[in-house]
Amino acid sequence: YDAAGILSFFVQMTICAPLLGLLIGTIGYLWMRSASRRHSHTDVTIQTSVTVVVAFLAFYLAERECRISGVLSTITAGLVLARNVWPVVCSRDAMESVWHALEYFGNTLIFFTAGVLTRRAIWADVISSRDFGWCFAMFAIMMVIRAVMVLLCFPVLKRIGYGTNLKDCMFMVWGGLRGAVGLALAVFVRSALAGVDNDAGAQIFFLVAGLATLTLMVNATTSGPLLRASGMVGTSPAKKQLLDQVHRRIRQHAEQQYHEICLSLNHDAVEAVESLDELQALKGTESSTPAMARAMTTPGMFIQTASSIDASEIINDLEKKLNSCDEKPDETQVVILRESFMRLVRGKYWELMHEGKLPKTSPAALKLLNSVSVAMDRLTSPLHD
């Protein structure tokens, strides 16, 4: 290739392929938007079929007809759909279930095919003990290159999106597995070199399969203990405290509602105390039979009991709560509360779209959902709306 040929190849791969994917993705989005009746089984089927057609059509047209990168074209088409299509999807559960099934079958087929071809490559005459040594050497080199790239990108990664820290970077280096995508490309390269250079195709496939095997045997098996040792998994103490507060408030609300309903019906629903976890604290206490307690209590005694509460205790409790407002809040709990609040807001937006109060085909629906995503990317910043 001369300089002009290299430039032409670069333009075809990096510009023409994404443009084709953009076109196919836009057509798919418009098609799904025109078939977006939520309670129509036909529209659910059409939308699911369109996503499958867009994925395979983008790859086929790019690779076979236009001779450009099918991977870049398919990725761009997928980004277009992911960016615009969710508000008009009739059934998110059906869409995710279909694609999870396709992902599972695709991964299984790729690894099965790779296993069969790897066995053939290992027993090929072109593969020697030297290739096994190169496989281990390339595994070490791959880890070093990944560490260098993450280190160079750390200043940018720290300031964008969710941010990152040294622990995250360490696991990015160690936890990056080689899997289905690399094996699929290796199968593709081996097929492209068939009849041209069979030895090179076998060696390339052997090395890629060997790297995938090493990452599964070394990195994958040690990632879990590494995450637990570094404290990167599990619920944080601040989140546990917040969850405990939520559970306590749920129990208090359930007990209050039980007390009010029993008094309004003049019946003690003791069976509810036995079956509901939120009312287990009432089991065996007088609070489990409020109607009976009221029947056994005279009006005068009830008034006396209510008036016997010391008002100073209520005043002191209120003063403590007011004074606590001047204290500096725990930043970790504030972030958790903001995340929970934004999830509630996003759920409300989806509810409004399902009820038809917020038209899902309007630009406002997409902007509102995107605004929640942006806010959840910046949980450390205060809310101003």
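All residue numbers refer to positions in the sequence shown, counting from 1.
Note: T215 OG1 to N219 CG = 6.0 Å, rounded to the nearest 0.5 Å. Interatomic distance, W86 CH2 to R92 CZ, rounded to the nearest 0.5 Å: 5.5 Å. In this structure, CZ in F136 is found 10.5 Å from CG in L211, a value given to the nearest 0.5 Å. With values rounded to the nearest 0.5 angstrom, M13 atom CE is found 11.0 Å from S73 atom OG. In this structure, L207 CG and D131 CG are separated by 6.5 Å, a value rounded to the nearest 0.5 Å. Interatomic distance, CD of E63 versus CZ of R67, reported as 8.5 Å (0.5 Å rounding).
Side-chain atoms of D43 come within 3.5 Å of backbone N or O of R37 as a donor-acceptor pair. One N or O on the side chain of T221 and one on the backbone of M217 form a donor-acceptor pair closer than 3.5 Å. K158 places no side-chain N or O within donor-acceptor distance of the main-chain N or O of N165, the cut-off being under 3.5 Å. Put simply, the side chain of N107 never gets that close to the backbone of Y104: no donor and acceptor are under 3.5 Å apart.
Applying the side-chain contact (heavy atoms from CB on, under 4.5 Å) rule to N84 yields the partners Y29, V80, L366; only residues at least two apart in sequence or on another chain are considered. The side-chain contact (heavy atoms from CB on, under 4.5 Å) check on L226 picks up M170, F171, W174, with sequence neighbours excluded. With sequence neighbours left out, the side-chain hydrogen bond (donor to acceptor under 3.5 Å, both in side chains) criterion links E260 to Q256. Partners of R228 by salt bridge (charged side-chain N to carboxylate O under 4.0 Å, His left out), not counting sequence neighbours: none found. Listed by chain and number, the residues in a side-chain contact (heavy atoms from CB on, under 4.5 Å) with A186 are F205, V208 (sequence neighbours excluded). Shown here are the side-chain contact (heavy atoms from CB on, under 4.5 Å) partners of S362, two or more places apart in sequence or in another chain: P359, A364, A365. Residues satisfying the side-chain hydrogen bond (donor to acceptor under 3.5 Å, both in side chains) criterion with S223, sequence neighbours excluded, are absent altogether.
Within the 4.5 Å cutoff, the side chain of K357 has no heavy atoms near those of the E351 side chain. The shortest distance between side-chain heavy atoms of L368 and R346 does not fall below 4.5 Å. Between R33 and V85 the shortest side-chain heavy-atom distance does not fall below 4.5 Å. Considering only heavy atoms from C-beta on, V372 stays 4.5 Å or farther from R343 through its side chain. In this structure, T74 and F56 have side chains that are not in contact, with every pair of non-hydrogen atoms separated by 4.5 Å or more. Side-chain contact between R251 and R248 is present, with heavy atoms from C-beta onward closer than 4.5 Å.
Cluster membership check: V88 shares its hydrophobic cluster with L358, using side-chain heavy-atom separations under 4.5 Å among Ile, Leu, Val, Met, Phe, Trp and Tyr. Follow the hydrophobic side-chain contacts under 4.5 Å out from L81 and you reach M95 in the same cluster. M32 and L102 fall within the same hydrophobic cluster, where Ile, Leu, Val, Met, Phe, Trp and Tyr residues are linked whenever their side-chain heavy atoms come under 4.5 Å apart, directly or through other members. Transitive grouping of hydrophobic side chains (ILVMFWY, heavy atoms separated by less than 4.5 Å) keeps I68 and L23 in distinct clusters. In this structure, Y60 is a member of the same hydrophobic cluster as V52, with clusters built from ILVMFWY side-chain heavy atoms closer than 4.5 Å.
V374 belongs to no hydrophobic cluster, as no Ile, Leu, Val, Met, Phe, Trp or Tyr side chain comes under 4.5 Å of its own. Cluster note: L166 groups with F154 through ILVMFWY side-chain heavy atoms spaced under 4.5 Å, whether in direct contact or through intervening members. When hydrophobic residues (I, L, V, M, F, W, Y) are linked wherever their side-chain heavy atoms come within less than 4.5 Å, the members clustered with V116 are F112. Connectivity analysis of hydrophobic side chains (ILVMFWY, heavy atoms under 4.5 Å, direct or indirect) links V44 to nothing; its cluster partners are none.
The minimum heavy-atom distance between T164 and C169, with the atom names listed, is OG1-SG, 3.9 Å. Across every non-hydrogen atom of A77 and V54, the tightest pair is CB-CG1, 3.8 Å. When all heavy atoms of I46 and A35 are compared, the pair lying nearest together is CG2-CB, 4.0 Å. In plain terms, the two heavy atoms of Q47 and V89 that are nearest each other are OE1-CA, 3.3 Å. Taking both residues in full, the closest heavy atoms of A212 and L183 are given as CB-CD2, 4.2 Å, listed atom of the first, atom of the second, then distance. Scanning both residues, A55 and W99, for their nearest heavy atoms gives CB-CH2, 3.9 Å.
Judged as a side-chain hydrogen bond (donor to acceptor under 3.5 Å, both in side chains), not a single pair has a partner in residues 184-208 (not counting sequence neighbours).
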